[in-house]
Amino acid sequence: MTRGPRPKDNAVRRNKHEHAQQLSSTATEGRALPAGLGIKTAGARRFWKTWATSPQAGKWAETDWAELEITTKLVDALFQGDLKLAGEIRQRVAKWGATTEDRARLRMSFDEDQDQDETAGDEAAAVASTTDMDEELYRLLSE
């Protein structure tokens, strides 16, 4: 026997937030990296590509894109060795829903309609980008 009142059915529960966001699980077209930013590192270019094509970017306003430009400059400086910027970058990407925890706090969720073929293509791309990341990390550590 349980204590307390019986829980309400899901149809009448108040655990739904009126500002919750349902995002598509597919990547968006995004924007090209502006040449005027002067990005020098491959890591910052990868950062831009990741966020510019993320499902979150599909609902961004112009101010969000400006924030991505500023953050990409910070990431570029981080990859050039200014490690004090790591905390600032983490705070900025948390506002976009970078991790599962961030998305839960922001009440973001993705559609679960991905095919296995898309997943296989993403894995191949991840291996390719990991190779680039390993090479860049080796170069940074050997300087």
Side-chain angles (χ1 to χ4, degrees), residues 4-143:
R6 182 177 170 187
K8 295 180 180 179
D9 292 330
N10 275 336
V12 292
R13 292 180 81 171
R14 292 191 221 175
N15 60 353
K16 294 282 184 183
H17 194 271
E18 63 185 67
H19 300 294
Q21 297 180 32
Q22 185 70 24
L23 301 171
S24 171
S25 58
T26 58
T28 60
E29 185 178 329
R31 292 186 183 182
L33 178 65
L37 285 180
I39 301 301
K40 298 177 181 124
T41 62
R45 283 189 214 90
R46 215 174 24 255
F47 178 83
W48 175 274
K49 183 179 178 189
T50 298
W51 279 106
T53 59
S54 70
Q56 292 95 316
K59 297 188 177 192
W60 281 1
E62 195 60 37
T63 54
D64 298 315
W65 287 103
E67 183 68 19
L68 178 60
E69 290 177 4
I70 294 167
T71 308
T72 303
K73 288 291 285 182
L74 294 174
V75 169
D76 194 39
L78 176 84
F79 274 97
Q80 291 177 17
D82 191 0
L83 299 178
K84 336 178 261 216
L85 297 173
E88 177 68 21
I89 293 167
R90 173 67 192 109
Q91 288 180 353
R92 287 171 180 254
V93 297
K95 293 178 181 182
W96 300 330
T99 65
T100 304
E101 181 182 354
D102 296 333
R103 288 187 294 274
R105 184 179 44 79
L106 295 169
R107 298 185 185 261
M108 287 182 181
S109 60
F110 294 109
D111 294 337
E112 298 297 327
D113 61 348
Q114 287 186 345
D115 296 331
Q116 293 295 344
D117 296 336
E118 292 178 9
T119 306
D122 292 343
E123 290 173 4
V127 169
S129 69
T130 303
T131 304
D132 295 340
M133 192 180 309
D134 290 341
E135 291 172 4
E136 185 171 358
L137 182 60
Y138 177 76
R139 184 183 57 76
L140 287 171
L141 292 175
S142 63
E143 289 178 350

Identify the heavy atoms of [X] and [Y] that sit nearest to each other, and give their distance.
| X | Y | answer |
| --- | --- | --- |
| Leu85 | Leu78 | CD1-N, 4.2 Å |
| Ala57 | Ala52 | CB-O, 3.6 Å |
| Lys40 | Arg45 | O-NH2, 3.4 Å |
| Ala94 | Arg105 | O-NH2, 3.2 Å |

Pairwise side-chain contact, [X] with [Y], heavy-atom cut-off 4.5 Å (strictly under):
| X | Y | answer |
| --- | --- | --- |
| Phe47 | Asp76 | no |
| Glu69 | Leu33 | no |
| Phe79 | Arg46 | yes |

How long is the straight-line distance from [atom2] of [Y] back to [atom1] of [X], given to the nearest 0.5 Å?
| X | Y | atom1 | atom2 | result |
| --- | --- | --- | --- | --- |
| Leu68 | Ile70 | CG | CD1 | 9.5 Å |
| Lys73 | Thr71 | NZ | OG1 | 12.5 Å |
| Thr72 | Leu37 | OG1 | CG | 7.0 Å |

Which word best sums up how the rings of Trp60 and Trp65 line up, parallel for under 30°, tilted for 30 to 60°, or perpendicular for over 60°?
->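 Judged by the thresholds at 30° and 60°, the geometry between Trp60 and Trp65 is perpendicular.
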
Any salt bridge (Lys or Arg N to Asp or Glu O under 4.0 Å) involving residues 88-98? Give me the pairs, sequence neighbours left out, ordered by first then second residue.
->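 Every pair satisfying salt bridge (Lys or Arg N to Asp or Glu O under 4.0 Å) with a residue in residues 88-98: Glu67-Arg92, Glu88-Arg92, Arg90-Asp102.
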
Between Ser54 (side chain) and Trp51 (backbone), is there a donor-acceptor pair under 3.5 Å?
->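 Between the backbone of Trp51 and the side chain of Ser54 there is a qualifying donor-acceptor contact (under 3.5 Å).
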
